[in-house]
Amino acid sequence: METVAPSAVIVAIDGPSGTGKSSTSKAVAAKLGLRYLDTGAQYRAITWWMITNGVDTDDPQAVAIAAGKPTIVSGTDPAAPTITVDGLDAAGPIRTQEVTSRVSAVSAVPEVRTLITDLQRSIAAEAAQEAEGIVVEGRDIGTTVLPDADLKIFLTASAEARAARRSGELRGKEAADLAATKEALIKRDAADSGRKTSPLAKADDAVEVDTTELTLDRVIECVVTLVEEKRAGRK
Ligand SMILES: Nc1ncnc2c1ncn2[C@@H]1O[C@H](COP(=O)(O)OP(=O)(O)O)[C@@H](O)[C@H]1O
Ligand SMILES: Nc1ccn([C@@H]2O[C@H](COP(=O)(O)OP(=O)(O)O)[C@@H](O)[C@H]2O)c(=O)n1
């Protein structure tokens, strides 16, 4: 029988791009001594591998055939999360506009989702056994990857607020104007929400938090309180 640390807590945080999933999840995990997993980084990593290995990301069959080839490893320290592909540091390359524009097509391929979902579940199981638990952020964590999570959060925010946050992060030659950022973001949300396999969706039992008018600190505080309430309720 699996041994799970008695206090281990599994937190799923989902939502569209720019709602604050990564910032919130990292901070909550750091504050509460939990591990942290950025599942979007894993889909970005496999997409980066497809691009650098000449796989046509618009060809689902080609992506499916290649899906098992790269080895993706995620480091789950919230203070310094890492991601490698075949031993190479992928943290920088996975954030390019090219990867961002192709990741929805790659992540919609069922073979890709099966492989990455299995990887995510094994990382979460390890964190529940060997650590205090984990905060896992993505699009389908509460609905599909970890349906038995102790706490599920679904973050939302207006498209305007999300685009403003995202374009504030872009620098130099990759800087896009606000309208273009908003358009790209809405297109990616539509692809992620509309795909057949495990679309972006709020789980029925998730707590929805609209972050449009909230500071990041306020969102973090709110999620920390919810996790603490969960832990207290189990004692
Ligand atoms: N509530 C908030 N108010 C203002 N800015 C925020 C808020 N939450 C996150 N941000 C900022 O928005 C950007 C995107 O946040 P991020 O956590 O990467 O979102 P996601 O992981 O959902 O795409 C970051 O620059 C972050 O600092
Ligand atoms: N659990 C997840 C996480 C991400 N993804 C895919 O990966 C992409 C990148 O996710 P991300 O979290 O890095 O995106 P941002 O919101 O940070 O821009 C998403 O647009 C989805 O296509 C997914 O399909 N399922």
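The basis for the numbers below is simple: all heavy atoms, side chains too, and nothing from hydrogens, waters or symmetry mates. One-based numbering, in listed order, for ligands and for the atoms of each. Here, residue 1 is the first one in the sequence, and each next residue gets the next number.
Between Ala41 and Ile83, the shortest heavy-atom contact is O-CD1, 3.6 Å. Closest approach of Asp140 to Asp14, counting heavy atoms only: N-OD1, 3.2 Å.
The contact set between ligand 1 and Lys21, taken as ligand atoms under 4.0 Å from a residue heavy atom, comprises 17 (O), 19 (O), 20 (P), 21 (O), 22 (O), 23 (O). Proximity to Gly138 (heavy-atom distance under 4.0 Å) selects the following atoms of ligand 2: 1 (N), 3 (C). Numbered from 1 in the order shown, with element, the atoms of ligand 1 that lie under 4.0 Å from a heavy atom of Gly20 read 8 (N), 9 (C), 15 (O), 16 (P), 17 (O), 19 (O), 20 (P), 22 (O). Below 4.0 Å from some heavy atom of Ser17 lie the following atoms of ligand 1, by number and element: 23 (O). Every atom of ligand 1 with a heavy atom of Leu214 under 4.0 Å away is listed here by number and element: 1 (N), 2 (C), 3 (N).
Counting heavy atoms closer than 4.0 Å to ligand 1, residue Arg166 contributes side-chain atoms (C-beta onward) but none from N, CA, C or O. Counting heavy atoms closer than 4.0 Å to ligand 2, residue Arg195 contributes side-chain atoms (C-beta onward) but none from N, CA, C or O. The proximity of Lys21 to ligand 2, defined as any non-hydrogen pair under 4.0 Å, is limited to the side chain. Counting heavy atoms under 4.0 Å from ligand 1, residue Thr215 touches it through the backbone alone.
Among all protein heavy atoms, the one lying closest to atom 10 (N) of ligand 1 is Arg165 CD, 3.8 Å. At the shortest separation from atom 25 (N) of ligand 2 among protein heavy atoms lies Arg113 NH2, 3.0 Å. Among all protein heavy atoms, the one lying closest to atom 12 (O) of ligand 2 is Arg139 NH1, 3.1 Å. Considering only non-hydrogen protein atoms, atom 5 (N) of ligand 2 sits nearest to Tyr43 CD1, 3.6 Å. For atom 25 (O) of ligand 1, the nearest non-hydrogen atom of the protein is Glu169 OE2, 2.8 Å. Of the protein's heavy atoms, Thr39 OG1, 3.3 Å lies nearest to atom 3 (C) of ligand 2. Counting only heavy atoms of the protein, atom 6 (C) of ligand 2 lies nearest to Ser107 OG, 3.7 Å. The protein atom (non-hydrogen) at minimum distance from atom 17 (O) of ligand 1 is Ser23 OG, 2.4 Å.
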With salt bridge (charged side-chain N to carboxylate O under 4.0 Å, His left out) as the criterion, how do Glu126 and Arg35 come out once you've worked through the C-alpha distance, each side chain's angles and the decisive distance to 0.1 Å?
CA-CA 10 Å; Glu126 191 189 314; Arg35 291 191 185 168; 3.7 Å; yes

Between Thr84 and Asp89, is a side chain to side chain donor-acceptor pair (under 3.5 Å) present by the stated rule, with each step listed?
CA-CA 5 Å; Thr84 63; Asp89 180 6; over 6 Å; no

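With distances taken over non-hydrogen atoms, the option nearest atom 21 (C) of ligand 2 out of Asp192, Asp189, Thr117, Thr100 is Asp192. When the options Arg166, Arg188, Arg44 are ranked by their closest heavy atom to atom 17 (O) of ligand 2, first place goes to Arg166. When the heavy atoms of Gly15, Gly18, Gly40 are ranked by distance to atom 10 (O) of ligand 2, first place goes to Gly40. Closest to atom 1 (N) of ligand 2 by heavy atom, among Asp140, Thr19, Thr143, is Asp140.
Between Glu221 and Arg218 there is a salt bridge, since at least one side-chain N of the basic residue sits less than 4.0 Å from a carboxylate O of the acidic one. Ion pairing between Asp38 and Lys21 fails under the 4.0 Å rule for side-chain N and carboxylate O. With salt bridges taken as basic N to acidic carboxylate O contacts below 4.0 Å, one links Lys152 and Asp205. Salt bridge annotation for Lys187-Glu183: absent, with no cationic side-chain nitrogen under 4.0 angstrom from a carboxylate oxygen.
Pro16 counts as a contact of ligand 1, since one of its heavy atoms falls under 4.0 Å from the ligand. A heavy-atom separation below 4.0 Å is found between Ser104 and ligand 2. Gly15 does not count as a contact of ligand 1, since none of its heavy atoms falls under 4.0 Å from the ligand.
Here the side chain of Thr19 pairs no donor or acceptor atom with the backbone of Ala157 at under 3.5 angstrom. Remark: side-chain polar atoms of Ser122 are paired, donor with acceptor, to backbone N or O of Leu119 under 3.5 angstrom. Remark: the backbone N or O of Pro16 is not paired with any side-chain donor or acceptor of Arg139 at under 3.5 angstrom.
Atoms CE and OG1, on Met50 and Thr57 in that order, are 9.5 Å from each other to the nearest 0.5 Å.
A donor and an acceptor atom, one from each side chain of Thr100 and Arg44, are located under 3.5 Å apart.
Ile94 and Tyr36 end up in different hydrophobic clusters when Ile, Leu, Val, Met, Phe, Trp and Tyr side chains are linked at under 4.5 Å.
Where the criterion is an N or O separation shorter than 3.5 Å, residue side chain and backbone included, Ser22 meets it with respect to ligand 1. Residue-to-ligand polar distances keep Asp38 apart from ligand 2: every N/O pair is separated by 3.5 Å or more.
Within a 6.0 Å sphere centred on NZ of Lys202, other residues, nucleotides and ligands contribute more than 12 heavy atoms.
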